[in-house]
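Notes follow once the structure below has been shown.
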Amino acid sequence: MLADYHVHTGFSDDSVYPLEQVARDALRLNLDEVCFTEHVDYGVKPEWDQPTGARFEDGHPVTNCAYDAYLAELDRVRDELGDRICLRAGLELGVQRHTLGENRALLERLTGRLDFVILSIHQVRDLEFWNGDYQRGRTQEQIHTAYYEEMLAVAEAFDGYSVLGHLDLIRRYDPFGDYPFEQVRDVVAEIMRHVIADGKGIEVNTSGIRYGLGDFQPSREILELYRDLGGRIVTVGSDSHTPEHLGSYLRLAYRELAELGFEGVCTYEKGEPRLVRL
């Protein structure tokens, strides 16, 4: 069983990869299951049908996923490919403390239509990581402290998700380089205690390898801590946006999880995890 549980298509603002092509490429790569996880980032992106105020890239407004069109296209491709591959419906929510209400309302609106939801921290107080706005004027300690404090506050207040995405994402955007894990171990442990107590999980995001971090996200240290705290629910995803990244390093991640003593990885159907033994 090989499942990629973090895949973006042209329904995400940062990809032009057609959903049907993703599914057909997944078949070619012998993937058994794919979960599409299109971007939603309230606070920094408006809704697709209300683009006023959106920033423009390549002449197009940057907005959240067009939910109905996305789910309709997914249904069409499912019908076309039949039982040749399992295709799951998901979203990746970039949640902030001040956007909790909007995210809850969206999930209420989509009740019964999603299999899987990733909770990610992509920005803090509407300051994004990818363009450096969040890091500007902060020390390395402040960058990491504010990031994990936001994640903890969101995890304490929000339970409408399946797994916590790329938990140590901030490593990828740290302009200062490596930051000692011991400096954030306590807050990371507190975050994971909330995740475990709520019956949620974490993902192993394989994109850390292609971004030159030398490890998955989260790191092996965090995976060991999660295991030691009693964490059992883990998904694996490539965070792909292009054909060359689809399905990348999944087997390597499965091997690491087995080495760490995890029983298996999880797939999801209608929000319910299913253990696939390693």
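Computed from a predicted structure; not experimentally measured.
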For this session: For residues L106 and L93, determine if any side-chain heavy atom of one lies less than 4.5 Å from a side-chain heavy atom of the other.
Result: yes
Exercise. Hey, are the side chains of D133 and D126 touching, using non-hydrogen atoms and a 4.5 Å cut-off?
Worked result: no
Problem set entry | Donor on one side chain, acceptor on other, Y161 and D198, under 3.5 Å | no
Problem set entry | Side-chain donor-acceptor pair present, N103, T99, cut-off under 3.5 Å | yes
Exercise. Would you call R220 and E224 a salt bridge, taking side-chain N to carboxylate O under 4.0 Å as the test?
Worked result: yes
Exercise. Side chains of E203 and T235: is there a donor and an acceptor less than 3.5 Å apart?
Worked result: no
Exercise. Given the rule in the side-chain contact (heavy atoms from CB on, under 4.5 Å) test, do L107 and F158 qualify, once you have shown the distances and angles that lead to the verdict?
Worked result: CA-CA 11 Å; L107 295 180; F158 184 71; 3.8 Å; yes
For this session: Could you walk me through whether E259 and R255 pass salt bridge (charged side-chain N to carboxylate O under 4.0 Å, His left out), step by step?
Result: CA-CA 6 Å; E259 290 172 358; R255 191 180 313 143; 5.7 Å; no
Exercise. Would a 4.5 Å heavy-atom cut-off, applied to side chains only, mark R138 and L127 as touching?
Worked result: yes
Problem set entry | Y17 and D25, any side-chain heavy atoms less than 4.5 Å apart | yes
Exercise. Side-chain heavy atoms under 4.5 angstrom apart, residues restricted to Ile, Leu, Val, Met, Phe, Trp, Tyr: same cluster for Y254 and L275?
Worked result: no
Seminar exercise, completed: The reported gap from CG in D32 to CG in L2 (rounded to nearest 0.5 angstrom) is 6.5 Å
Exercise. Does the side chain of H122 pick up a donor-acceptor pair with the side chain of Q96 at under 3.5 Å?
Worked result: no
Exercise. If two hydrophobic side chains count as joined below 4.5 Å and joins carry through other members, does V77 share a cluster with L27?
Worked result: yes
Exercise. Do NZ/NE/NH1/NH2 and the carboxylate oxygens of D115 and R78 come within less than 4.0 Å?
Worked result: yes
Problem set entry | Of T206, D239, L29, the residue whose pairing with S248 passes side chain to side chain contact (heavy atoms under 4.5 Å, CB included) | T206
Exercise. T63 and P51: which non-hydrogen atoms are nearest, and at how many Å?
Worked result: CG2-CB, 4.1 Å
Exercise. Roughly how far apart are Y173 OH and N131 CG, rounded to 0.5 Å?
Worked result: 9.5 Å
Problem set entry | R76 bridged to E80 by N-O distance under 4.0 Å | yes
Exercise. Which heavy atom of L100 sits nearest a heavy atom of A157, and at what distance?
Worked result: CD1-CB, 3.7 Å
Exercise. Does any donor atom in the side chain of T242 or H245 lie under 3.5 Å from an acceptor atom in the other side chain?
Worked result: yes
For this session: Output yes when a side-chain donor or acceptor of Q217 lies under 3.5 Å from a complementary backbone atom of R171, and no otherwise.
Result: no
For this session: For atom CZ of R251, decide whether the heavy atoms of other residues, nucleotides or ligands shown that lie under 6.0 angstrom number more than 12.
Result: no
Problem set entry | Approximate separation, where rounding is to 0.5 Å, of L91 CG and S120 OG | 11.5 Å
Exercise. Where do I121 and V95 come nearest, in terms of heavy atoms and distance?
Worked result: CD1-O, 3.3 Å
Exercise. Is there a donor-acceptor contact under 3.5 Å linking the side chains of D174 and H144?
Worked result: yes
Problem set entry | Linked, directly or transitively: V188 and L229 (ILVMFWY side chains, under 4.5 Å) | yes
For this session: Examine Y147 together with F129 and report whether their ring centres are nearer than 6.0 Å.
Result: yes
Problem set entry | Joint hydrophobic cluster, V276 plus L278, side-chain heavy atoms closer than 4.5 Å | yes
Exercise. Of the non-hydrogen atoms in P175 and I143, which two are nearest, and what is the gap between them?
Worked result: CD-CD1, 4.0 Å
Problem set entry | Within residues 43-102 or reaching into it, pairs that qualify as ring-ring contact (aromatic ring centres under 6.0 Å, His included) - sequence neighbours excluded | F11-Y70
Problem set entry | Closest contact, heavy atoms only, M151 versus L167 | CE-O, 3.2 Å
Problem set entry | ILVMFWY cluster, L152 and L119 together (side-chain gap under 4.5 Å) | yes
Exercise. Does the side chain of L252 come within less than 4.5 Å of L250's, by heavy atoms?
Worked result: no
For this session: Assess whether side-chain contact (heavy atoms from CB on, under 4.5 Å) is satisfied between L110 and L71, documenting all intermediate values.
Result: CA-CA 10 Å; L110 298 178; L71 294 171; 4.2 Å; yes
For this session: Indicate whether the side chain of Y5 and that of E33 have a donor and an acceptor atom separated by less than 3.5 Å.
Result: yes
For this session: List the steps and the verdict of salt bridge (charged side-chain N to carboxylate O under 4.0 Å, His left out) for E57 and R55.
Result: CA-CA 7 Å; E57 291 183 3; R55 75 175 189 276; 3.1 Å; yes
Exercise. Under 6.0 Å from the CD atom of E244, do we count more than 12 heavy atoms belonging to anything else shown?
Worked result: yes
Problem set entry | F176 side chain near T139 side chain, heavy-atom distance below 4.5 Å | no
Exercise. For the residue pair H6 and H241, is the inter-centroid distance of their aromatic rings smaller than 6.0 Å?
Worked result: no
Exercise. SG/C65 to NE2/H8 distance, rounded to the nearest 0.5 angstrom?
Worked result: 10.5 Å
For this session: Please examine the side chains of V22 and F36, heavy atoms only from C-beta on, and report whether any two atoms are closer than 4.5 Å.
Result: yes
Exercise. Using 4.0 Å as the upper bound for N to carboxylate O, is an ion pair formed by K45 and D13?
Worked result: yes
Problem set entry | Qualifying residue for salt bridge (charged side-chain N to carboxylate O under 4.0 Å, His left out) with R97, from E150, E156, E102 | E150
For this session: With side-chain contact (heavy atoms from CB on, under 4.5 Å) as the test, would you mind laying out the steps for I233 and Y226 before giving the verdict?
Result: CA-CA 10 Å; I233 299 175; Y226 179 64; 4.0 Å; yes
For this session: Determine, stepwise, if the pair V204 / E256 fulfils side-chain contact (heavy atoms from CB on, under 4.5 Å).
Result: CA-CA 10 Å; V204 174; E256 177 161 304; over 6 Å; no
For this session: For D14 and S12, test the side chains for any donor-to-acceptor distance below 3.5 angstrom and give the result as yes or no.
Result: no
Seminar exercise, completed: P218 and I202 have their tightest heavy-atom pair at CG-CD1, 4.2 Å
Exercise. Could you state the interatomic distance from CG (D4) to OG (S240), rounded to the nearest 0.5 Å?
Worked result: 5.0 Å
Problem set entry | CG/D79: more than 12 non-hydrogen atoms of other groups inside 6.0 Å | yes
Exercise. Does R172 make a cation-pi contact with Y211, if we ask for NZ or CZ under 6.0 Å from the ring centre and within 45° of the axis?
Worked result: yes
Exercise. Do NZ/NE/NH1/NH2 and the carboxylate oxygens of R109 and D68 come within less than 4.0 Å?
Worked result: yes
Problem set entry | Main-chain N/O of D159 paired with K200 side-chain donor or acceptor, under 3.5 Å | yes
For this session: Nearest 0.5 Å please: distance from the OH atom of Y148 over to the CD1 atom of I170.
Result: 8.0 Å
Exercise. Should L225 and E221 count as side-chain neighbours, where that means a heavy-atom distance under 4.5 Å?
Worked result: no
